[in-house]
Amino acid sequence: MSKLTGKAAFVTGGSRGIGAAIAKKLAADGASVAITYVTGKSSAEAVVSAIESNGGKAIAIMADSADPIQVDKAVSEAAVLLGPIDILVNNAGVFPTGLIGDTNDADFDRAFAINVRSGFVASRAALKTMPDGGRIIFIGSSLALRVQGPGLTVYSATKAAVAVMSQALARELGPRGITVNTVHPGSTNTDMNPADGPWAASQIGAMSNPAGFASAGEVADVVGYLSSFEARSVTGAAWTIDNGATA
Ligand code: NDP
(Lines give C-alpha, C1' and ligand atoms only; values in the text may rest on other atoms or scores of the structure.)
Protein backbone atom coordinates (compact mmCIF):
# COMPACT_ATOMS: atom_id res chain seq x y z
CA MET A 1 0.00 0.00 0.00
CA SER A 2 1.31 3.46 -0.92
CA LYS A 3 1.75 5.93 1.90
CA LEU A 4 -1.16 8.20 0.90
CA THR A 5 -3.63 5.47 -0.05
CA GLY A 6 -7.16 6.45 0.95
CA LYS A 7 -6.30 10.17 1.26
CA ALA A 8 -7.86 12.98 -0.74
CA ALA A 9 -5.74 15.95 -1.81
CA PHE A 10 -6.67 19.34 -3.23
CA VAL A 11 -4.02 21.28 -5.16
CA THR A 12 -4.72 24.78 -6.43
CA GLY A 13 -3.11 25.65 -9.75
CA GLY A 14 -2.42 22.03 -10.63
CA SER A 15 -2.55 22.36 -14.39
CA ARG A 16 1.07 23.36 -14.94
CA GLY A 17 4.47 23.76 -13.33
CA ILE A 18 4.97 23.05 -9.65
CA GLY A 19 1.28 22.36 -8.97
CA ALA A 20 1.09 19.74 -11.73
CA ALA A 21 4.21 18.04 -10.38
CA ILE A 22 2.72 18.05 -6.86
CA ALA A 23 -0.55 16.56 -8.09
CA LYS A 24 1.31 13.76 -9.88
CA LYS A 25 3.53 13.08 -6.86
CA LEU A 26 0.61 12.88 -4.40
CA ALA A 27 -1.29 10.63 -6.82
CA ALA A 28 1.77 8.41 -7.27
CA ASP A 29 1.87 8.12 -3.47
CA GLY A 30 -1.75 6.89 -3.52
CA ALA A 31 -3.91 9.98 -2.95
CA SER A 32 -6.97 10.90 -5.00
CA VAL A 33 -6.28 14.42 -6.26
CA ALA A 34 -8.39 17.42 -7.22
CA ILE A 35 -6.61 20.19 -9.10
CA THR A 36 -7.81 23.64 -10.02
CA TYR A 37 -6.96 25.82 -12.99
CA VAL A 38 -8.20 29.13 -14.38
CA THR A 39 -7.50 29.12 -18.13
CA GLY A 40 -5.46 25.98 -18.68
CA LYS A 41 -8.30 23.50 -19.22
CA SER A 42 -6.39 21.29 -21.66
CA SER A 43 -3.27 21.31 -19.46
CA ALA A 44 -5.40 20.35 -16.46
CA GLU A 45 -7.01 17.54 -18.44
CA ALA A 46 -3.57 16.31 -19.46
CA VAL A 47 -2.52 16.15 -15.78
CA VAL A 48 -5.68 14.18 -14.95
CA SER A 49 -5.03 11.79 -17.88
CA ALA A 50 -1.42 11.27 -16.83
CA ILE A 51 -2.52 10.39 -13.29
CA GLU A 52 -5.28 8.08 -14.52
CA SER A 53 -2.96 6.29 -16.93
CA ASN A 54 -0.75 5.48 -13.95
CA GLY A 55 -3.75 3.96 -12.16
CA GLY A 56 -4.58 6.98 -10.02
CA LYS A 57 -7.71 9.06 -9.51
CA ALA A 58 -7.88 12.78 -10.30
CA ILE A 59 -10.37 15.50 -11.18
CA ALA A 60 -9.88 19.02 -12.54
CA ILE A 61 -12.06 21.94 -11.47
CA MET A 62 -12.05 25.40 -13.00
CA ALA A 63 -11.77 27.89 -10.12
CA ASP A 64 -10.24 31.33 -10.34
CA SER A 65 -8.17 31.82 -7.19
CA ALA A 66 -8.89 35.54 -7.41
CA ASP A 67 -12.53 34.77 -6.58
CA PRO A 68 -13.17 33.46 -3.05
CA ILE A 69 -16.59 32.09 -4.01
CA GLN A 70 -15.10 29.93 -6.77
CA VAL A 71 -12.35 28.67 -4.46
CA ASP A 72 -14.78 27.79 -1.69
CA LYS A 73 -17.11 26.02 -4.13
CA ALA A 74 -14.27 24.03 -5.70
CA VAL A 75 -13.11 22.70 -2.32
CA SER A 76 -16.68 21.68 -1.43
CA GLU A 77 -17.12 19.98 -4.81
CA ALA A 78 -13.88 18.06 -4.38
CA ALA A 79 -14.93 16.88 -0.92
CA VAL A 80 -18.20 15.56 -2.35
CA LEU A 81 -16.45 13.75 -5.21
CA LEU A 82 -13.33 12.49 -3.41
CA GLY A 83 -14.26 12.55 0.27
CA PRO A 84 -12.94 14.67 3.16
CA ILE A 85 -9.87 16.68 2.16
CA ASP A 86 -6.86 15.25 3.98
CA ILE A 87 -4.19 17.29 2.19
CA LEU A 88 -4.49 20.85 0.91
CA VAL A 89 -1.73 22.42 -1.17
CA ASN A 90 -2.13 26.15 -1.72
CA ASN A 91 0.01 26.50 -4.82
CA ALA A 92 -1.73 28.72 -7.38
CA GLY A 93 0.13 31.97 -7.77
CA VAL A 94 1.02 34.87 -9.98
CA PHE A 95 4.33 36.68 -10.25
CA PRO A 96 3.72 40.41 -10.62
CA THR A 97 6.81 42.54 -11.13
CA GLY A 98 7.25 46.29 -11.38
CA LEU A 99 8.63 49.29 -9.59
CA ILE A 100 6.30 50.85 -7.04
CA GLY A 101 5.53 53.86 -9.21
CA ASP A 102 4.39 51.57 -12.02
CA THR A 103 2.17 49.39 -9.81
CA ASN A 104 -1.44 50.38 -9.26
CA ASP A 105 -3.79 49.37 -6.46
CA ALA A 106 -5.65 46.87 -8.65
CA ASP A 107 -2.35 45.03 -9.37
CA PHE A 108 -1.63 44.93 -5.64
CA ASP A 109 -5.11 43.68 -4.74
CA ARG A 110 -5.12 41.01 -7.44
CA ALA A 111 -1.75 39.63 -6.34
CA PHE A 112 -2.90 39.43 -2.71
CA ALA A 113 -6.22 37.87 -3.74
CA ILE A 114 -4.56 35.06 -5.70
CA ASN A 115 -1.37 34.51 -3.72
CA VAL A 116 -2.68 35.08 -0.18
CA ARG A 117 -6.47 35.20 0.20
CA SER A 118 -7.08 32.10 -1.92
CA GLY A 119 -4.97 30.03 0.48
CA PHE A 120 -6.92 31.41 3.43
CA VAL A 121 -10.26 30.67 1.76
CA ALA A 122 -9.23 27.18 0.61
CA SER A 123 -7.90 26.35 4.08
CA ARG A 124 -11.14 27.49 5.73
CA ALA A 125 -13.17 25.46 3.25
CA ALA A 126 -10.99 22.35 3.50
CA LEU A 127 -11.10 22.43 7.31
CA LYS A 128 -14.84 21.81 7.15
CA THR A 129 -14.05 18.20 6.24
CA MET A 130 -10.35 17.73 7.04
CA PRO A 131 -9.83 14.99 9.62
CA ASP A 132 -7.41 15.27 12.53
CA GLY A 133 -3.89 14.59 11.26
CA GLY A 134 -4.51 16.47 8.01
CA ARG A 135 -1.96 18.51 6.10
CA ILE A 136 -1.94 22.07 4.79
CA ILE A 137 1.01 23.16 2.68
CA PHE A 138 1.53 26.63 1.29
CA ILE A 139 3.84 27.29 -1.64
CA GLY A 140 5.74 30.45 -0.75
CA SER A 141 8.92 31.70 -2.39
CA SER A 142 12.53 32.29 -1.47
CA LEU A 143 11.72 35.92 -2.32
CA ALA A 144 9.82 36.05 0.98
CA LEU A 145 13.18 35.60 2.69
CA ARG A 146 15.60 37.57 0.53
CA VAL A 147 14.62 40.07 -2.15
CA GLN A 148 17.31 39.92 -4.77
CA GLY A 149 16.47 42.98 -6.84
CA PRO A 150 14.06 45.83 -7.46
CA GLY A 151 10.53 45.41 -8.78
CA LEU A 152 9.54 42.58 -6.45
CA THR A 153 7.78 44.53 -3.69
CA VAL A 154 4.27 43.18 -4.19
CA TYR A 155 5.22 39.58 -4.95
CA SER A 156 7.63 39.34 -2.02
CA ALA A 157 5.05 40.82 0.32
CA THR A 158 2.45 38.23 -0.76
CA LYS A 159 4.82 35.36 -0.12
CA ALA A 160 5.94 36.71 3.26
CA ALA A 161 2.26 36.99 4.20
CA VAL A 162 1.74 33.36 3.18
CA ALA A 163 4.62 32.19 5.37
CA VAL A 164 3.35 33.97 8.48
CA MET A 165 -0.24 32.85 7.83
CA SER A 166 1.07 29.30 7.67
CA GLN A 167 2.88 29.65 11.02
CA ALA A 168 -0.20 31.13 12.65
CA LEU A 169 -2.45 28.38 11.33
CA ALA A 170 0.00 25.78 12.60
CA ARG A 171 -0.57 27.12 16.12
CA GLU A 172 -4.33 27.05 15.66
CA LEU A 173 -4.51 23.54 14.22
CA GLY A 174 -1.74 21.87 16.22
CA PRO A 175 -4.13 20.44 18.83
CA ARG A 176 -5.83 18.47 16.04
CA GLY A 177 -2.57 17.08 14.70
CA ILE A 178 -3.04 19.03 11.48
CA THR A 179 0.35 20.24 10.29
CA VAL A 180 0.74 23.50 8.38
CA ASN A 181 3.97 24.27 6.56
CA THR A 182 5.36 26.50 3.85
CA VAL A 183 7.65 25.35 1.08
CA HIS A 184 9.74 28.17 -0.36
CA PRO A 185 10.92 27.29 -3.87
CA GLY A 186 13.78 29.26 -5.32
CA SER A 187 14.39 29.33 -9.04
CA THR A 188 12.30 26.49 -10.45
CA ASN A 189 12.01 25.74 -14.14
CA THR A 190 8.36 26.42 -15.08
CA ASP A 191 6.39 28.69 -17.40
CA MET A 192 6.52 31.32 -14.63
CA ASN A 193 10.32 31.25 -14.47
CA PRO A 194 11.91 29.39 -17.38
CA ALA A 195 15.48 28.21 -16.88
CA ASP A 196 16.40 29.80 -20.22
CA GLY A 197 14.65 33.11 -19.43
CA PRO A 198 16.33 36.53 -19.45
CA TRP A 199 16.85 36.60 -15.66
CA ALA A 200 18.06 33.02 -15.29
CA ALA A 201 21.78 33.79 -15.17
CA SER A 202 21.42 36.36 -12.41
CA GLN A 203 19.33 33.92 -10.37
CA ILE A 204 21.98 31.22 -10.69
CA GLY A 205 24.61 33.81 -9.74
CA ALA A 206 22.83 34.34 -6.42
CA MET A 207 23.00 30.64 -5.50
CA SER A 208 25.68 29.38 -3.13
CA ASN A 209 25.43 25.99 -4.82
CA PRO A 210 25.38 26.86 -8.52
CA ALA A 211 23.42 23.77 -9.49
CA GLY A 212 21.02 25.86 -11.54
CA PHE A 213 17.27 25.81 -11.52
CA ALA A 214 15.40 23.14 -9.60
CA SER A 215 12.79 21.05 -11.38
CA ALA A 216 9.15 21.22 -10.33
CA GLY A 217 9.49 17.57 -9.33
CA GLU A 218 12.07 18.44 -6.67
CA VAL A 219 9.58 20.80 -5.04
CA ALA A 220 6.89 18.12 -5.34
CA ASP A 221 9.09 15.59 -3.54
CA VAL A 222 9.30 17.87 -0.50
CA VAL A 223 5.53 18.41 -0.58
CA GLY A 224 5.11 14.63 -0.79
CA TYR A 225 7.21 14.21 2.35
CA LEU A 226 5.33 16.93 4.24
CA SER A 227 2.05 15.24 3.27
CA SER A 228 3.13 11.92 4.72
CA PHE A 229 2.65 10.41 8.18
CA GLU A 230 6.42 10.51 8.60
CA ALA A 231 6.31 14.33 8.70
CA ARG A 232 3.82 14.41 11.58
CA SER A 233 6.20 16.44 13.79
CA VAL A 234 6.99 19.02 11.13
CA THR A 235 4.68 22.00 11.51
CA GLY A 236 5.01 25.77 11.43
CA ALA A 237 8.12 25.23 9.33
CA ALA A 238 9.42 26.84 6.17
CA TRP A 239 11.46 24.69 3.82
CA THR A 240 13.60 26.35 1.13
CA ILE A 241 14.58 24.61 -2.10
CA ASP A 242 16.79 27.29 -3.61
CA ASN A 243 20.33 26.00 -3.93
CA GLY A 244 21.36 28.31 -1.12
CA ALA A 245 20.16 31.56 -2.69
CA THR A 246 18.86 32.73 0.69
CA ALA A 247 21.59 31.15 2.81
P1 NDP B 1 3.20 28.54 -13.44
O2 NDP B 1 2.91 29.90 -13.95
O3 NDP B 1 4.08 27.65 -14.23
O4 NDP B 1 1.82 27.79 -13.13
C5 NDP B 1 0.86 28.49 -12.37
C6 NDP B 1 -0.28 27.58 -12.03
O7 NDP B 1 -1.20 28.33 -11.22
C8 NDP B 1 -1.05 27.11 -13.23
O9 NDP B 1 -1.59 25.84 -12.97
C10 NDP B 1 -2.15 28.16 -13.35
O11 NDP B 1 -3.33 27.69 -13.97
C12 NDP B 1 -2.45 28.42 -11.89
N13 NDP B 1 -3.04 29.73 -11.68
C14 NDP B 1 -2.52 30.94 -11.95
N15 NDP B 1 -3.41 31.91 -11.66
C16 NDP B 1 -4.51 31.27 -11.20
C17 NDP B 1 -5.78 31.71 -10.76
N18 NDP B 1 -6.11 33.01 -10.76
N19 NDP B 1 -6.67 30.79 -10.37
C20 NDP B 1 -6.37 29.47 -10.40
N21 NDP B 1 -5.19 28.99 -10.82
C22 NDP B 1 -4.28 29.88 -11.21
O23 NDP B 1 3.82 28.78 -11.99
P24 NDP B 1 4.79 27.89 -11.10
O25 NDP B 1 4.43 26.47 -11.20
O26 NDP B 1 6.17 28.31 -11.35
O27 NDP B 1 4.41 28.46 -9.66
C28 NDP B 1 3.61 27.74 -8.74
C29 NDP B 1 3.76 28.39 -7.37
O30 NDP B 1 5.15 28.39 -7.00
C31 NDP B 1 3.32 29.86 -7.34
O32 NDP B 1 2.69 30.13 -6.11
C33 NDP B 1 4.65 30.61 -7.44
O34 NDP B 1 4.56 31.90 -6.88
C35 NDP B 1 5.55 29.70 -6.67
N36 NDP B 1 6.98 29.86 -6.96
C37 NDP B 1 7.50 29.60 -8.20
C38 NDP B 1 8.86 29.77 -8.43
C39 NDP B 1 9.49 29.50 -9.73
O40 NDP B 1 10.71 29.81 -9.88
N41 NDP B 1 8.81 28.90 -10.71
C42 NDP B 1 9.75 30.22 -7.36
C43 NDP B 1 9.10 30.46 -6.11
C44 NDP B 1 7.76 30.28 -5.93
P45 NDP B 1 -3.63 27.92 -15.55
O46 NDP B 1 -2.93 26.81 -16.29
O47 NDP B 1 -5.12 27.83 -15.66
O48 NDP B 1 -3.09 29.27 -15.91
Side-chain angles (χ1 to χ4, degrees), residues 10-25 33-48 58 60-75 89-97 107 109-119 121-122 137-148 152 154-163 165-166 182-200 202-204 206-207 212-220 222-223 238-243 245-246:
F10 187 94
V11 182
T12 63
S15 48
R16 293 183 287 116
I18 291 170
I22 291 169
K24 289 174 185 171
K25 169 64 180 167
V33 182
I35 60 170
T36 66
Y37 63 94
V38 61
T39 55
K41 187 170 194 285
S42 57
S43 304
E45 287 170 352
V47 172
V48 169
I61 304 171
M62 198 294 285
D64 184 351
S65 286
D67 179 351
I69 295 170
Q70 291 186 37
V71 173
D72 185 77
K73 198 162 155 268
V75 174
V89 184
N90 292 308
N91 165 78
V94 288
F95 183 47
T97 55
D107 297 333
D109 288 346
R110 181 170 168 77
F112 270 81
I114 296 171
N115 290 6
V116 185
R117 188 181 61 196
S118 73
V121 172
I137 297 153
F138 288 85
I139 304 302
S141 168
S142 60
L143 291 170
L145 306 174
R146 178 175 291 177
V147 184
Q148 282 154 355
L152 297 165
V154 173
Y155 181 73
S156 300
T158 65
K159 293 302 187 176
V162 158
M165 183 161 64
S166 170
T182 300
V183 172
H184 287 306
S187 307
T188 309
N189 185 22
T190 66
D191 295 342
M192 180 183 281
N193 188 15
D196 59 358
W199 307 108
S202 62
Q203 292 176 59
I204 293 168
M207 296 172 185
F213 278 43
S215 67
E218 289 174 78
V219 180
V222 173
V223 172
W239 192 319
T240 53
I241 310 172
D242 66 359
N243 280 304
T246 51

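We number each residue from 1, following the sequence as shown. One-based numbering, in listed order, for ligands and for the atoms of each.
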> Given S141, A66, G13, G140, which has its nearest heavy atom closest to atom 35 (C) of ligand 1?
G140
> Is there a donor in the side chain of N115 and an acceptor in the side chain of T158, or the other way round, less than 3.5 Å apart?
yes
> Looking at every non-hydrogen atom in both residues, tell me the closest pair between S65 and S118 and how far apart they are.
O-CB, 3.3 Å
> What residue and atom, counting heavy atoms only, is the protein's closest point to atom 18 (N) of ligand 1, and at what distance?
D64 OD1, 2.8 Å
> Between ligand 1 and G17, is the shortest N or O to N or O distance under 3.5 Å?
no
> Between S15 and ligand 1, is there a nitrogen or oxygen pair with a distance under 3.5 Å?
yes
> Going from CD1 on I204 to CG on N243, what distance comes out if it is rounded to the nearest 0.5 angstrom?
9.0 Å
> Could you tell me whether some N/O pair between V94 and ligand 1 is separated by less than 3.5 angstrom?
no
> Does ligand 1 have any atom that is closer than 4.0 Å to a heavy atom of T36?
no
> So which heavy atom in the protein is nearest atom 14 (C) of ligand 1, and how far is it from that ligand atom?
G93 O, 3.7 Å
> With a cutoff of 4.0 Å, is Y155 in contact with ligand 1, counting heavy atoms of the residue only?
yes
> Is a side-chain N or O of T240 found less than 3.5 angstrom from the main chain of D242, in a donor-acceptor match?
no
> Return the residue, atom name and 0.1 Å-rounded distance of the protein heavy atom closest to atom 30 (O) of ligand 1.
I139 CG2, 3.4 Å
> Any side-chain heavy atom of D107 within less than 4.5 Å of one from V154?
no
> So which bit of K41 gets within less than 4.0 Å of ligand 1, heavy atoms only: side chain, backbone, both or neither?
neither
> Side chain, backbone, both or neither: which part of F95 comes within less than 4.0 Å of ligand 1 when only heavy atoms are counted?
neither
> Evaluate the side-chain proximity of T188 to N193: yes if any heavy-atom separation is below 4.5 Å, no if none is.
no
> Heavy-atom distances under 4.0 Å are what count here, so tell me which part of I114 touches ligand 1: side chain, backbone, both or neither.
side chain
> Among all protein non-hydrogen atoms, which one is nearest to atom 43 (C) of ligand 1, and what is the separation to 0.1 Å?
P185 O, 3.2 Å
> Please state which protein non-hydrogen atom is closest to atom 24 (P) of ligand 1 and give its distance, to 0.1 Å?
T190 OG1, 3.6 Å
> Who's the nearest protein heavy-atom neighbour of atom 39 (C) of ligand 1, and how far?
T188 O, 3.6 Å
> Report, in ascending order of atom number, the atoms of ligand 1 lying under 4.0 Å from any heavy atom of D191.
3 (O)
> Got a second to check how far Q148's CD is from Q203's CD, nearest 0.5 Å?
7.5 Å
> For atom 10 (C) of ligand 1, grab the closest protein heavy atom and report residue, atom and distance to one decimal in Å.
R16 NH2, 3.6 Å
> Check ligand 1 against S65 and write out every atom of the ligand that is under 4.0 Å from a heavy-atom position of the residue.
17 (C), 18 (N), 19 (N), 20 (C)
> Shortest non-hydrogen contact from P96 to Y155?
O-CB, 3.6 Å
> Among all protein heavy atoms, pick the one closest to atom 16 (C) of ligand 1 and tell me residue, atom and distance.
V38 CG1, 3.6 Å
> Is a side-chain donor or acceptor of K25 paired with a backbone partner of E218 at a separation under 3.5 angstrom?
no
> Would you say that H184 contacts W239 through its side chain, given a criterion of any heavy-atom pair below 4.5 Å between the two side chains?
no
> First locate atom CZ of F213, then atom OG1 of T190, and finally report the distance between them rounded to the nearest 0.5 Å.
8.5 Å
> Can you check which of M192, M62, Q70 brings a heavy atom nearest to atom 27 (O) of ligand 1?
M192
> Can you confirm, on distance only, whether ligand 1 has an N/O atom lying under 3.5 Å from any N/O atom belonging to Y37?
no
> Check this for me - ligand 1, N193, N or O atoms closer than 3.5 angstrom, yes or no?
yes
> Using a 4.0 Å heavy-atom threshold (strictly under), name the region of A63 that reaches ligand 1: side chain, backbone, both or neither.
backbone
> Which option wins on minimum heavy-atom distance to atom 38 (C) of ligand 1: G186, S187, A92, G40?
G186
> Let me confirm one number: the OG-CD1 distance from S166 to I139, rounded to the nearest 0.5 Å.
10.0 Å
> Calculate, to the nearest 0.5 Å, the distance between atoms OG and CE belonging to S202 and M207 respectively.
9.5 Å
> For N91 and T12, work out which heavy atoms get closest and say how close.
N-OG1, 2.9 Å
> I'd like to know if S142 contacts ligand 1, where contact means a heavy-atom distance under 4.0 Å to any ligand atom.
no
> As an exercise, state the distance from CG of L152 to OG1 of T97, rounded to the nearest 0.5 Å.
7.0 Å
> Please state which part of N91 comes within less than 4.0 Å of ligand 1, counting heavy atoms only: side chain, backbone, both or neither.
both
